[in-house]
2 protein chains.
Amino acid sequence: MSINQNDLRVIKTKRNLREAFIRLLLQKRYDAISIQDIVTEAQTARVTFYRHYKDKEQLLVDCVNVNFKELVERMSQITTEDVFNHRYQALLLFYKHIQEKETLYKILFSSWGTRVVIEQFRKLFAEMSKENIAEQFHVDKWRVPIPMDIVAYHFASAQIGTAIWWLENNQPYPPEYMAKVSLWLTLAGGLRLFGEDEFYIPPPSIPEKPE
Amino acid sequence: MSINQNDLRVIKTKRNLREAFIRLLLQKRYDAISIQDIVTEAQTARVTFYRHYKDKEQLLVDCVNVNFKELVERMSQITTEDVFNHRYQALLLFYKHIQEKETLYKILFSSWGTRVVIEQFRKLFAEMSKENIAEQFHVDKWRVPIPMDIVAYHFASAQIGTAIWWLENNQPYPPEYMAKVSLWLTLAGGLRLFGEDEFYIPPPSIPEKPE
DNA sequence: AAACTTAAGTAACAGGTGTATCTTTATGAG
DNA sequence: CTCATAAAGATACACCTGTTACTTAAGTTT
């Protein structure tokens, strides 16, 4: 029934399509690229495309994923005990990765249809944040009653937002600065903007979850 | 050349299309709705659609915008001097608005193509955050050297992320709780997760902006 | 109320999309 | 090496998209 992803022909075909797509993305906007364009560039039949991908978006997701394995791989090699430092290193790699693939990511982020990329980033960070925060929750004497999912989503989205700003404004600051700012905003929050004691907010208590 | 937006016929036609679209969205997925479907439902000609909207997405943006005017209107009527409380009230209205239009927004958020909505939300919050933060920056004795744009994007994205989580998880908590959590995470950040003094991070100094 | 302006409707077209059927050919298991 | 298997290629189809040229009719203006 379904296609054997280990078949040499499949691997070749998919790589072919990905590479053709990337080549086209360097030439024209995402929306302006038709499936026909992609298969022509990849020198294959249109039907073949549909055998592997539901639509153009799925091909993009595949491209982004392949690229991401690299980033995830790098992040997994960070060797620090310090959670704070770990988070900083991860963010730094994140920004450096975007910088390294500047041309590609600029294109990816610039056209609307490609918010796919954002979604992938979000998932990655949400996963990462979840782990970090989970640890903290265990050793945490405060036991802040906020569901971890919310925290993960909140932090991940915040970091992605900052990164998008950076990209859309042509990277006015170096990755080191961005990682530091992003981390600082996430951890210290706006608290300092308001003065520390003046606006102290007690952690909200968790309400009954209705069935 | 361009179409007179005040012409009664135009107003009628556009409202017609919006309403037809919303009706269809309650029946099937965004992707599954064709322009043909919309104009059939609206009892108008396909060409008419294209006279007013570039594509399906632009119609959606219009729908979202119309809905948003309401929210923005409500937010503008908050009458508190206290910045913290103002922000809480705004977030509360935000969550209540989503809750009020639950069915619609669930559909809007559920399908990928409709991340348009997120984009609109993001803009709204970025604008709001900017204003609030701008004020704070003026009276702030700390003078934290982080560009306001970054701060706005960071906070806005964080809040949107939290809201999406809430929607995607079928609103397990009441709006009051969500507004409080969202605000607490934004302002107090994860600082408390790590213990306050232990991980104190000095605000990053601003680097030279390269020409 | 009549005349003018301009939006809506009709019809047609060149592309693109996604799917089904059948043939050819590359791959990998024995 | 050979053969069964399954992926790639060729062709055709119904439907959708975005656009143009032209006609009809609703609305605005005087």
Side-chain angles (χ1 to χ4, degrees), chain A residues 1-25 27-63 66 107 111-116, chain B residues 1-25 27-63 66 107 111-116:
Chain A
M1 270 284 88
S2 83
I3 287 172
N4 174 18
Q5 296 297 326
N6 297 320
D7 193 310
L8 263 192
R9 289 169 293 185
V10 174
I11 293 168
K12 268 189 214 162
T13 303
K14 290 182 85 172
R15 193 181 51 223
N16 237 326
L17 286 168
R18 279 199 306 271
E19 287 174 2
F21 187 45
I22 300 285
R23 275 198 301 279
L24 288 173
L25 270 178
Q27 290 166 35
K28 43 178 169 174
R29 284 189 314 112
Y30 175 81
D31 319 354
I33 300 170
S34 71
I35 312 286
Q36 186 61 63
D37 291 338
I38 298 168
V39 296
T40 304
E41 176 73 27
Q43 305 209 62
T44 184
R46 208 159 60 82
V47 169
T48 304
F49 176 93
Y50 286 110
R51 265 200 208 97
H52 298 289
Y53 302 106
K54 199 180 133 286
D55 52 27
K56 201 169 53 171
E57 201 173 291
Q58 285 311 302
L59 173 57
L60 184 66
V61 169
D62 197 26
C63 290
V66 168
I107 295 156
S111 69
W112 157 253
T114 48
R115 298 280 146 154
V116 181
Chain B
M1 271 283 88
S2 83
I3 287 172
N4 174 18
Q5 297 297 327
N6 298 319
D7 193 309
L8 261 192
R9 287 170 294 183
V10 175
I11 293 168
K12 267 189 213 162
T13 303
K14 289 182 86 170
R15 191 179 53 222
N16 236 326
L17 286 168
R18 279 198 306 270
E19 287 175 2
F21 187 45
I22 300 286
R23 275 198 302 278
L24 288 172
L25 270 176
Q27 290 167 34
K28 43 178 167 173
R29 285 189 314 113
Y30 174 80
D31 317 357
I33 301 171
S34 71
I35 312 287
Q36 185 61 64
D37 292 338
I38 298 168
V39 296
T40 304
E41 175 73 28
Q43 306 208 63
T44 183
R46 210 158 58 81
V47 134
T48 304
F49 176 93
Y50 287 109
R51 262 196 212 102
H52 298 288
Y53 301 106
K54 197 180 136 286
D55 52 28
K56 202 170 51 173
E57 203 174 290
Q58 285 311 303
L59 173 57
L60 183 66
V61 168
D62 196 26
C63 290
V66 167
I107 295 155
S111 70
W112 158 254
T114 47
R115 297 279 147 153
V116 180

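Given the structure is predicted, the values throughout are model-derived calculations rather than measurements. Reminder, nothing fancy here: chain letters follow the sequence lines and each chain counts from 1.
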**Q.** Those residues that, when tested against B:R23, pass side-chain hydrogen bond (donor to acceptor under 3.5 Å, both in side chains) (two or more places apart)
**A.**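 Testing B:R23 for side-chain hydrogen bond (donor to acceptor under 3.5 Å, both in side chains), a comparison that skips the adjacent residues, returns B:E41.
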Q. When you check every protein heavy atom under 4.0 Å of nucleotides 16-21 of chain D, what one-letter string (B, S, -) results, 5' to 3'?
A. SBBBB-
Q: Within residues 14-21 of chain A, find the residues that approach DNA chain D with a heavy atom at under 4.0 Å, and present them sorted by residue number.
A: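 Within this stretch, nothing sits under 4.0 Å of the strand.
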Q) What does A:A45 touch in the nucleic acid at a heavy-atom separation under 4.0 angstrom: a base, only the sugar-phosphate, or nothing? A)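 Result for A:A45 = sugar-phosphate.
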Q.
Restricting to side-chain contact (heavy atoms from CB on, under 4.5 Å), what partner residues turn up for A:S34, sequence neighbours left out?
A.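 Residues passing side-chain contact (heavy atoms from CB on, under 4.5 Å) with A:S34: A:Q36, A:D37.
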Q) So, for A:V10 and A:N4, which heavy atoms are closest and what is the spacing to 0.1 Å? A)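 So the two residues come closest at CG2-O, 3.4 Å.
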**Q.** Heavy-atom closest pair, residues B:K56 and B:I33
**A.**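 Reported closest heavy-atom pair: NZ-O, 2.9 Å.
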Q. Got B:Y30 and B:L60 here, is their nearest side-chain heavy-atom distance under 4.5 Å?
A.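 Answer yes - side chains close enough.
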(Q) Could you tell me if the side chain of A:Y53 sits less than 4.5 Å from the side chain of A:I35, heavy atoms only? (A)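 Counting from C-beta outward, A:I35 and A:Y53 never come under 4.5 Å.
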Taking distance alone, no hydrogens or angles, what donor-acceptor pairs closer than 3.5 Å link side-chain atoms of residues 12-22 of chain B to residues at least two apart or in another chain?
| from | atom 1 | to | atom 2 | distance (Å) |
| --- | --- | --- | --- | --- |
| B:T13 | OG1 | B:R9 | O | 2.7 |
| B:K14 | NZ | B:Q5 | OE1 | 3.1 |
| B:R18 | NH1 | B:D62 | OD2 | 3.1 |

Quick one: is [N] close enough that its OP1 or OP2 comes under 4.0 Å of any side-chain N or O from [X]?
| X | N | answer |
| --- | --- | --- |
| A:T48 | D:dG9 | yes |
| B:T44 | C:dA8 | no |
| B:H52 | C:dA8 | yes |

Q: Rounded to the nearest 0.5 Å, what's the gap from CG on A:L25 to CD1 on A:I38? Could you check?
A: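 Here the interatomic distance stands at 8.0 Å.
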Q. At what distance, to the nearest 0.5 angstrom, does CZ of B:F49 lie from CG of B:L59?
A.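 Answer for the CZ-CG pair, B:F49 versus B:L59, is 5.0 Å.
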Gap between atoms [atom1] and [atom2], on [X] and [N] respectively (whole Å):
| X | N | atom1 | atom2 | answer |
| --- | --- | --- | --- | --- |
| A:L59 | C:dT17 | CG | P | 13 Å |
| A:I38 | C:dT17 | CD1 | C1' | 12 Å |
| A:I3 | D:dA8 | CD1 | P | 6 Å |

Between the protein and nucleotides 27-29 of chain D, are there any N/O to N/O pairs under 3.5 Å, and if so, what are the atom names and distances?
| from | atom 1 | to | atom 2 | distance (Å) |
| --- | --- | --- | --- | --- |
| D:dG27 | OP1 | B:K12 | NZ | 2.9 |
| D:dG27 | O4' | B:R9 | NE | 3.4 |
| D:dT28 | OP1 | B:D7 | OD1 | 2.9 |
| D:dT28 | OP1 | B:L8 | N | 2.8 |

Q: Compute the bend angle of the helix from C:dA1-D:dT30 to C:dG30-D:dC1 from the end axes (five pairs per end), rounded to 10°.
A: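 Axis angle across the helix from C:dA1-D:dT30 to C:dG30-D:dC1, nearest 10°: 40°.
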